[in-house]
Chemist: 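Please see the structure below; I have some questions.
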Amino acid sequence: MAETGELCLTLPDGSTRRFPGLVTGAQVAASIGPGLARAALAIRVDGSMQDLNAPLKRDAAIAIVTGKDVDALELLRHDAAHVMAEAVQELYPDAQVTFGPAIENGFYYDFHRSTPFTPEDLAKIETRMREIVARDEAITREVWERDDAIAFFKRKGEHFKAEHIETLPREAEISVYRQGAWLDLCVGPHLPSTGKLGTAFKLTKLSGAYWRGDSNKPPLQRIYGTAWASEQQLKDYLRLLEEAEKRDHRRLGRELGLFHQQEEAAGAVFWHPKGWTLWRTVENYIRGRLAVAGYVEVRTPQLIDRSLWEKSGHWEKFREHMFTVAADGEKVLAVKPMNCPGHVQIFKQGITSYRDLPIRMAEFGACHRNEPSGALHGMMRVRAFTQDDAHIFCTEAQIVTETRAFCDLLQSVYRDFGFTEVKVKFSTRPAVRAGTDEVWDRAEAALKTATEAAGLTYTLNPGEGAFYGPKLEFVLRDAIGRDWQCGTLQVDFVLPERLDASYVAEDGKKHRPVMLHRAILGSFERFLAILIEHHAGSLPFWLAPVQGVVATITNDGDDYAREVAAAAQAHGLRVALDLRNEKIGYKVREHSLAKVPVLLVVGKREGETRSVALRRLGSDRQETVALDAALADLSAAAAGPARS
RNA sequence: GCCGCCGUAGCUCAGUGGUAGAGCACGUCAUUGGUAAUGACGGGGUCGGGUGUUCAAUCCACCCCGGCGGCACCA
């Protein structure tokens, strides 16, 4: 600010405006136009959001934030959390406030209260929220003395808030936002008044949480809501939720006869013939890709003695997730939760030369992990699963080329399954870990170099690495915009050391190989679930368990239909025959609902001309084609995605 | 594991302190119909499991199992 007290603000279009002395964002908006003043929710000052009624103190680049601004949503949602907390405390004075942030698509607020909230309470709270919005209470910010604030919240019985202030750094500014008779400790920023929240919000669910996210601390009750800038956005979001429900793999798995789960085998999957066909198609596809990429495939035992898990470090770090079996009196066998120690045993047989490296050892390894009961979720989170696992034994110098090759393979595989958006996360050393800091330094540096060499952009995920090494995680985005973590690549200097794996180098001496743990799909169960949801059950032709159904119009066509089906099967197509005494409309409906990609309808006309009437899923067009041409066409499509 | 909700026919769901019902699915029969439901008839349930309260429990209470939504966890 100039000595004169004049303030110079730069607007988004590059123009500048001068104000004599202090102004607020609201005044700036008003000076630009009354429409903007009404729409204004906050002001961005040199990039950071501020309250509209906070005074501007220095020259800056500013932008008035309105409902059209994507960042406004965060503000809106945070306000929704406050309005909800106000509503809750008006209705239930015994509820203590804790935290209530904006989150993706909405907000939540955690309360401490001995009586649980019920779904009926949600409706009441939402109604009260709408009243608070209608009251249009001005939202004002106050700065308090730390000790006064602590005393105030203690006096009010808000012990969580008081505790929170006590844990803030001494120099932190204690700001309080007041709206009507209600107030909350908060850093802000906030909307100028509760009326600006609008009406496009909805309370969605009730759940448990813990104070400070720690399961040893007091349990809290969390109320979730969603909030948007317009009714249309809210409607679109609710429609998306409906769409997600329709795509739910548990529902589609049942409707399409792919698999089922039952309580006697919680966390495991019973694969039905159609589902298992899908599995085998995916497995064989991966097997083919790995063979071309220079992998060898192995198979290691399900049950391995405790002593090996002790050596590998799993017994110490992973014990609680392992299923064990007592055997031969003293012995304890563990059902493998991972394949890596087994692969090291294969690597260790005989003597390996540096000339043999890299060795890329793959296994469709069936693993069991005793996941906490609350974590289980359809096929997304199970206790029995199969990984498309492989371990690359290589030298430190080979990490970069191997990582690059893997990243290329992975992206090509995802494309083949119809996923085009892939994000990468780089996870570094966790608090609980094996190996020295020096080893971790080297592992993280090597992975970083390799990732950059592969041309990947990534986000950092500090402290989230595996206990034996840093990792890359590959996150793919599905057809309705949800992210799923599938692939991984982990650099491991620790396990070869622990399990004493070595190779003979050029210098004739023994050296430790590096292990790269890697998976593309992650677990078959989870990946197939994602695939089913991504395609909403309508799997691409090459993956569909039943690719076509030959359906007759009348029984006169039975012989020819059998001939067509046999010919299709001879072409390697997965084709079923529907000779039932039903009307063609009924058959079309049924197979369409079963999401069969192609119906081959045969009646009198087709029999006479050796043709089939093709009807493809999602279209009511019919196309009569010569049988030979149809089969040639379909078997080409069945070969799967083309790659150069 | 924690919090809340839920568990009735294969599926989706209704229902009541006096041992249960619909639609779809399934079976039988009739029908041989050219692209999203032909009709009639019929079979089917230890109301998740256990204990208790009660003359009587699918219904009420408690415990257990499982599921759903989150939390924590995802090595």
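Just so it is clear: chains get the letters A, B, ... in the order the sequence lines come, proteins before strands, and each one is counted from 1. For clarity, every value in this text was computed on a predicted model and none was experimentally measured.
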Chemist: Just name whichever nucleotide pairs with B:G7, Watson-Crick or G-U, keeping both distances under 3.5 Å, else none.
Modeler: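 Looking at the geometry, B:G7 pairs with B:C65.
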Chemist: Does any part of the side chain of A:Phe111, heavy atoms only, come nearer than 4.5 Å to the side chain of A:Phe99, both counted from C-beta?
Modeler: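 Not in contact.
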Chemist: For A:Glu104, give me all partners under side chain to side chain contact (heavy atoms under 4.5 Å, CB included), at least two apart in sequence or on another chain.
Modeler: none
Chemist: What distance, rounded to whole Å, do you find between the two C1' atoms, one in B:U12 and one in B:U53?
Modeler: 34 Å
Chemist: Got a list of protein N/O to nucleotides 2-8 of chain B N/O distances below 3.5 Å?
Modeler:
from, atom 1, to, atom 2, distance (Å)
B:C2, O4', A:Tyr210, OH, 3.2
B:C3, O2, A:Gly208, N, 3.0

Chemist: With nearest nucleotides of RNA chain B determined for A:Arg254 and A:Leu614 from heavy-atom distances, which residue corresponds to the more 5′ nucleotide?
Modeler: A:Arg254
Chemist: Donor-acceptor pair under 3.5 Å: do we get one between A:Asp620's side chain and the base of B:U35?
Modeler: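 Answer is no: no donor-acceptor pair is held.
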Chemist: Taking any heavy-atom pair under 4.0 Å as a contact, classify A:Lys317: base, sugar-phosphate, or nothing.
Modeler: nothing
Chemist: Rounding to an integer number of angstrom, what distance separates B:A14 and B:G21 when you compare their C1' atoms?
Modeler: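 About 7 Å, rounded to a whole number of Å.
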Chemist: Could you tell me how far apart A:Arg250 (CZ) and B:C11 (C1') are, to the nearest whole angstrom?
Modeler: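 Going from A:Arg250 (CZ) to B:C11 (C1'), I get 16 Å.
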Chemist: Is it true that, when you exclude A:Lys317 itself, more than 12 heavy atoms of the residues, nucleotides or ligands shown sit nearer than 6.0 Å to its NZ?
Modeler: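 Yes, because the 6.0 Å sphere around NZ of A:Lys317 holds more than 12 heavy atoms from other groups.
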Chemist: Is A:Arg381 near enough to B:A72 that one of its side-chain N or O atoms lies under 4.0 angstrom from OP1 or OP2?
Modeler: no
Chemist: With hydrogens left out and only the distance checked, is there a donor-acceptor pair under 3.5 Å joining A:Glu606's side chain and the base of B:G34?
Modeler: yes
Chemist: With both distances under 3.5 angstrom, what nucleotide forms a Watson-Crick or G-U wobble pair with B:C71?
Modeler: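 Check on B:C71: paired to B:G1, both distances under 3.5 Å.
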Chemist: Between A:Tyr108 and B:C71, is there a side-chain N or O to OP1/OP2 distance below 4.0 Å?
Modeler: no
Chemist: Using the C1' atom on both, measure B:U28 against B:G44 and round to a whole Å.
Modeler: 14 Å
Chemist: Strictly by Watson-Crick or wobble contacts shorter than 3.5 Å, is anything paired with B:U12, and which nucleotide is it?
Modeler: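 Partner of B:U12: B:A22.
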Chemist: Run the salt bridge (charged side-chain N to carboxylate O under 4.0 Å, His left out) check on A:Asp620 and A:Arg616 step by step: do they pass?
Modeler: CA-CA 7 Å; A:Asp620 55 8; A:Arg616 292 176 196 270; over 6 Å; no
Chemist: For A:Glu104 and B:G70, give me the distance from atom CD to atom P, rounded to whole Å.
Modeler: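 After rounding, the gap between these two atoms is 13 Å.
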Chemist: Regarding A:Gly313, tell me which of base, sugar-phosphate or nothing describes its non-hydrogen contacts under 4.0 Å with the strands shown.
Modeler: nothing
Chemist: If the cut-off is 4.0 Å, is A:Arg212 near the phosphate of B:A72, judged by side-chain N/O to OP1 or OP2?
Modeler: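 For B:A72, OP1/OP2 do not have a side-chain N/O of A:Arg212 under 4.0 Å.
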Chemist: Detail all sub-3.5 Å separations between protein N/O atoms and N/O atoms belonging to nucleotides 37-44 of chain B.
Modeler:
from, atom 1, to, atom 2, distance (Å)
B:A37, N7, A:Arg589, NE, 3.4
B:A37, N7, A:Arg589, NH1, 3.4
B:A37, N7, A:Arg589, NH2, 3.4
B:A37, N6, A:Arg589, NH2, 2.6
B:A37, N1, A:Arg589, NH2, 3.3
B:U38, O4', A:Lys583, NZ, 3.4

Chemist: Rounded to whole Å, how long is the line connecting atom CZ of A:Arg580 with atom C1' of B:A36?
Modeler: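 Atom CZ in A:Arg580 sits about 13 Å away from atom C1' in B:A36.
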Chemist: B:G67 phosphate, OP1 or OP2: any side-chain N/O from A:His377 under 4.0 angstrom?
Modeler: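 So the side chain of A:His377 is outside the cut-off, no N or O lying under 4.0 Å from OP1 or OP2 of B:G67.
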Chemist: Within this structure, what is the CZ-to-P distance between A:Phe107 and B:G70, rounded to whole angstrom?
Modeler: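 So the CZ-P distance, A:Phe107 to B:G70, works out to 16 Å.
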Chemist: In whole angstroms, how far is the C1' atom of B:C74 from the CZ atom of A:Arg383?
Modeler: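 Going from CZ in A:Arg383 over to C1' in B:C74 covers 13 Å.
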Chemist: According to a strict under-4.0 Å criterion, is A:Arg615 in side-chain N/O contact with OP1 or OP2 of B:A36?
Modeler: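 Looking at the OP1 and OP2 atoms of B:A36, one of them is under 4.0 Å from a side-chain N or O of A:Arg615.
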Chemist: Would you mind reading off the distance between A:Glu320 atom CD and B:C74 atom P, rounded to a whole angstrom?
Modeler: 9 Å
Chemist: Remember a base hit wins even if backbone is also touched, and classify A:Ala551 as base, sugar-phosphate or nothing at under 4.0 Å, heavy atoms.
Modeler: nothing
Chemist: With rounding to whole Å, what would you report as the distance between B:C3 and B:G45 at their C1' atoms?
Modeler: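 33 Å, rounded to whole Å.
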Chemist: Would you classify A:Glu371 as touching base, sugar-phosphate or nothing, given that sugar-phosphate means primed atoms plus P, OP1 and OP2, and contacts are heavy atoms under 4.0 Å?
Modeler: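 The residue A:Glu371 makes base contact.
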Chemist: When the P atoms of B:U58 and B:C24 are compared, how many Å lie between them, rounded to an integer?
Modeler: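 Comparing P positions in B:C24 and B:U58 gives a spacing of 29 Å.
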Chemist: Using a 6.0 Å distance limit plus a 45 degree cone around the ring axis, check whether A:Arg319 lies over the aromatic ring of A:Trp309.
Modeler: no
Chemist: Is the shortest side-chain N to carboxylate O distance from A:Glu310 to A:Arg306 below 4.0 Å?
Modeler: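 A salt bridge is present here (some side-chain N lies under 4.0 Å from a carboxylate O).
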Chemist: How about A:Glu320: does its CD atom have over 12 heavy atoms from other parts shown lying under 6.0 Å from it?
Modeler: no
Chemist: A:Glu590 or A:Leu376: which one's nearest nucleotide on RNA chain B is closer to the 5' end?
Modeler: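 Nearest-nucleotide comparison on RNA chain B picks A:Glu590.
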Chemist: Nearest 0.5 Å, what's the CZ-CG distance between A:Arg383 and A:Asn370?
Modeler: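 It is 5.0 Å, given to the nearest 0.5 Å.
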Chemist: Given atom CD1 of A:Ile103 and atom C1' of B:G69, what is their separation to the nearest angstrom?
Modeler: 13 Å
Chemist: Which value, in whole Å, describes the distance between the C1' atoms of nucleotides B:A72 and B:C62?
Modeler: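 Between the two C1' atoms, the distance is 27 Å.
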Chemist: What interatomic distance, in whole Å, is found between P of B:A30 and the corresponding atom of B:G67?
Modeler: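 To the nearest whole Å, 46 Å.
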Chemist: Does a side chain donor of either A:Thr459 or A:Lys423 reach within less than 3.5 Å of an acceptor in the other side chain?
Modeler: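 There is no such pair (donor and acceptor under 3.5 Å, judged by atom type) between the side chains of A:Thr459 and A:Lys423.
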Chemist: For this output row, return yes or no: ring centroids of A:Phe160 and A:His112 closer than 6.0 angstrom.
Modeler: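 Ring centroids of A:Phe160 and A:His112 are less than 6.0 Å from each other.
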Chemist: Return the pairing partner of B:G43 with a 3.5 Å limit on both distances, Watson-Crick or G-U wobble; otherwise return none.
Modeler: none
Chemist: Of all the nucleotides listed (B:A72, B:U35, B:U32), which has the minimum atom distance to the side chain of A:Thr554?
Modeler: B:U32
Chemist: For A:Arg212 and A:Thr167, test the side chains for any donor-to-acceptor distance below 3.5 angstrom and give the result as yes or no.
Modeler: yes
Chemist: With no hydrogens and no angle check, just 3.5 Å: does a side-chain donor-acceptor pair link A:Gln262 and A:His260?
Modeler: yes
Chemist: To the nearest Å, give me how far apart NZ (A:Lys587) and P (B:U35) are.
Modeler: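 Atom NZ in A:Lys587 sits about 14 Å away from atom P in B:U35.
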Chemist: Both conditions, 6.0 Å and 45 degrees, for the charged tip of A:Arg113 above the ring of A:Phe117: are they met here?
Modeler: yes
Chemist: Please give the distance between the C1' atoms of B:U16 and B:G27 as a whole number of Å.
Modeler: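 31 Å, rounded to whole Å.
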Chemist: B:A72, B:G69, B:C71: which one has an atom nearest the side-chain heavy atoms of A:Tyr224?
Modeler: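 Among the listed nucleotides, the one closest to the side chain of A:Tyr224 is B:C71.
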Chemist: Under 4.0 Å, counting only non-hydrogen atoms across every strand here, what does A:Lys217 touch: a base, just sugar-phosphate, or nothing?
Modeler: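 No contact.
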Chemist: Consider the side chain of A:Ala266, meaning its heavy atoms from C-beta on, and name the nucleotide among B:C73, B:G66, B:C11 that approaches it most closely.
Modeler: B:G66
